[in-house]
Number of protein chains: 2
Amino acid sequence: MTSDAGLACCTPLATGAAMSAAQAEQVAPLLKALADSVRLRLVSLIAASPSGEACVCDLNDAFDLTQATISHHLKVLHSAGLLDRDKRGVWVYYAVRPAALAAVANLFDTAALAPA
Amino acid sequence: MTSDAGLACCTPLATGAAMSAAQAEQVAPLLKALADSVRLRLVSLIAASPSGEACVCDLNDAFDLTQATISHHLKVLHSAGLLDRDKRGVWVYYAVRPAALAAVANLFDTAALAPA
DNA sequence: CCGAGACATCGACAAACGTCGATGCGTACC
DNA sequence: GGTACGCATCGACGTTTGTCGATGTCTCGG
């Protein structure tokens with residue numbers, strides 16, 4: 001139950017009609033996974049990486065946190081479907097899943113162009 | 001400490017350089033406020049309202065939750081700077097603060113156009 | 001086969017969160 | 001003034017969350 005297939009489409013926040021309770025409960029976990037400064041930086045670090053992916057060992061050095069804590073945060077992001085996990089030899093590489101971020105972006109996209 | 005003045009600009013998730021720890025800690029509260037299905041629906045309901053605002057009494061009817069709980073959620077959204085509060089007579093009207101939503105949208109905007 | 005290193009998992013703990021019932025505070029109407 | 005109503009606040013509760021140290025699992029090199 002780790003990867004989410006149908007996380008796509010969702011009514012943007014202000015598209016004329018309010019979003020349904022079911023849709024809210026579908027998107028909320030994505031936001032919940034991102035609603036943490038550490039996880040936000042993790043995603044940012046991975047997304048900003050030239051290769052589009054980052055090794056856990058590198059991510060670990062970017063924080064003053066235990067390896068266990070970073071691993072936990074990565075697990076949360078992976079479980080939410082935001083990160084892809086790829087084990088190569090001894091190292092594990094995480095990459096952002098563009099579709100997931102796009103789903104979230106879609107939420108706020110239309111909302112931004114509210115009345116001035 | 002309820003309204004936030006400098007919630008604007010923030011490095012989008014994948015703009016080439018990773019976001020700083022300070023920026024992450026600035027944006028995370030906004031996401032945290034939105035990372036709840038009830039609050040997401042509240043914002044959606046208010047944003048989708050024709051007048052751009054909604055009375056608490058109406059919002060209250062849209063959920064199977066106590067009035068105290070809805071009031072609490074509205075307080076969280078208001079404290080995060082996402083909602084404006086306007087008391088008119090006996091009723092209180094909440095309206096979305098476009099700038100706050102735009103700040104969040106900005107985060108994911110550039111991120112969506114990651115490598116294919 | 002054995003040791004070392006890279007991550008994940010486990011168990012624990014304090015802090016934060018979502019929800020509720022009860023109560024307080026304004027406002028309007030009789 | 002009294003009463004009814006809309007909303008906020010308070011106190012309490014069970015649950016979830018972020019963090020840690022310790023331990024487990026896998027992989028590679030000797």
Side-chain angles (χ1 to χ4, degrees), chain A residues 1-3 21 24-25 27-46 49 53-95, chain B residues 1-3 21 24-25 27-46 49 51 53-80 82-95:
Chain A
M1 239 53 72
T2 202
S3 53
E25 281 166 13
V27 185
L30 282 179
L31 291 176
K32 215 159 239 177
L34 288 168
D36 183 283
S37 61
V38 174
R39 290 198 288 268
L40 215 47
R41 285 178 62 199
L42 279 172
V43 173
S44 170
L45 279 171
I46 297 172
S49 188
E53 60 184 5
C55 171
V56 176
C57 53
D58 292 335
L59 296 173
N60 226 328
D61 294 347
F63 298 86
D64 276 343
L65 294 172
T66 308
Q67 175 263 327
T69 300
I70 298 296
S71 188
H72 162 69
H73 284 308
L74 288 171
K75 180 197 179 81
V76 170
L77 288 167
H78 176 62
S79 298
L82 286 161
L83 255 45
D84 269 334
R85 188 175 178 280
D86 181 28
K87 173 161 186 172
R88 288 205 284 273
V90 188
W91 293 279
V92 174
Y93 290 82
Y94 282 93
Chain B
M1 237 64 67
T2 202
S3 53
E25 281 166 14
V27 186
L30 281 179
L31 290 177
K32 215 159 240 179
L34 287 168
D36 182 284
S37 61
V38 174
R39 290 199 286 267
L40 216 48
R41 284 178 63 199
L42 279 171
V43 172
S44 170
L45 279 172
I46 297 172
S49 187
S51 55
E53 58 184 6
C55 171
V56 176
C57 54
D58 292 335
L59 297 173
N60 226 328
D61 294 347
F63 298 86
D64 279 342
L65 294 172
T66 308
Q67 174 263 327
T69 300
I70 298 297
S71 188
H72 164 69
H73 283 308
L74 288 171
K75 180 197 181 81
V76 171
L77 289 168
H78 176 63
S79 298
L82 286 161
L83 254 45
D84 269 333
R85 189 175 177 278
D86 181 28
K87 174 161 186 172
R88 287 204 285 273
V90 187
W91 291 279
V92 173
Y93 290 82
Y94 282 93

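Just so we're on the same page: letters track the sequence lines, and every chain starts at 1. These numbers were taken from a predicted model, which means no experiment stands behind them.
Residues Gly89(A) and Lys87(B) both approach DNA chain D. Their nearest nucleotides, taken by heavy-atom distance, put Lys87(B) toward the 5′ side.
Rounding to whole angstrom units, CH2 of residue Trp91(A) and C1' of dG29(D) are separated by 12 Å. Between Arg41(A) atom CZ and dG18(D) atom C1' there is a gap of 15 Å when expressed in whole angstrom units. With rounding to whole Å, Asp86(B) atom CG is found 13 Å from dT27(C) atom P. For Lys75(A) and dT17(D), the NZ to P distance is 13 Å, given to the nearest whole Å. dG6(D) atom P lies 15 Å from atom CD1 of Ile70(B), rounded to whole Å. Rounded to whole Å, atom P of dA8(D) lies 11 Å from atom CG of Leu83(B). Whole-Å rounding puts the Leu77(B) CG to dC7(D) C1' distance at 16 Å. Whole-Å rounding puts the Lys32(A) NZ to dT15(D) P distance at 16 Å.
Contact check, His73(B) against dC17(C): no side-chain N or O comes under 4.0 Å of OP1 or OP2. Here Tyr94(B) reaches the OP1 or OP2 of dA8(D): one of its side-chain N or O atoms lies under 4.0 Å away.
Nearest nucleotide to the side chain of Val90(A), out of dC7(D), dT27(D), dC5(D): dT27(D). When distances are taken from the side chain of Ser71(B) to each of dG18(D), dT17(D), dA8(D), the shortest belongs to dA8(D).
Among the heavy atoms of the strands lying under 4.0 Å from Arg85(A) are primed sugar atoms or P, OP1, OP2 only; no base atom is included. Looking at heavy-atom distances under 4.0 Å, Arg39(B) makes contact with sugar-phosphate atoms alone, never a base. Among the atoms of the strands shown, only primed sugar atoms or phosphate atoms (P, OP1, OP2) are found under 4.0 Å from some heavy atom of Asp36(A).
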Polar atom pairs between nucleotides 20-22 of chain C and protein, under 3.5 Å, N or O only, would you list them?
from    : atom 1 : to       : atom 2 : distance (Å)
dC20(C) : OP2    : Thr66(B) : N      : 2.9
dC20(C) : OP2    : Thr66(B) : OG1    : 3.1
dC20(C) : OP2    : Thr69(B) : OG1    : 2.9
dC20(C) : O5'    : Thr66(B) : OG1    : 3.0

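Within the 4.5 Å cutoff, side-chain heavy atoms of Phe63(A) are placed close to those of Arg41(A).
Within a 6.0 Å radius of CG in Asp64(A), no more than 12 heavy atoms belonging to other residues, nucleotides or ligands are found.
To the nearest 0.5 Å, atoms CG (Asp84(B)) and CG (Leu77(B)) are separated by 12.0 Å. Separation of atoms CG (Leu59(B)) and OG (Ser71(B)) is listed at 11.0 Å; rounding is to 0.5 Å. From Leu31(A), atom CG reaches atom CG of Leu82(A) across 9.0 Å, with rounding to the nearest 0.5 Å.
Scanning all heavy atoms of the two residues, the minimum distance from Ala35(B) to Lys32(A) falls at O-CE, 2.9 Å. Nearest heavy atom pair, residue Tyr94(A) against residue Val56(A), reads CE1-CG2, 3.5 Å.
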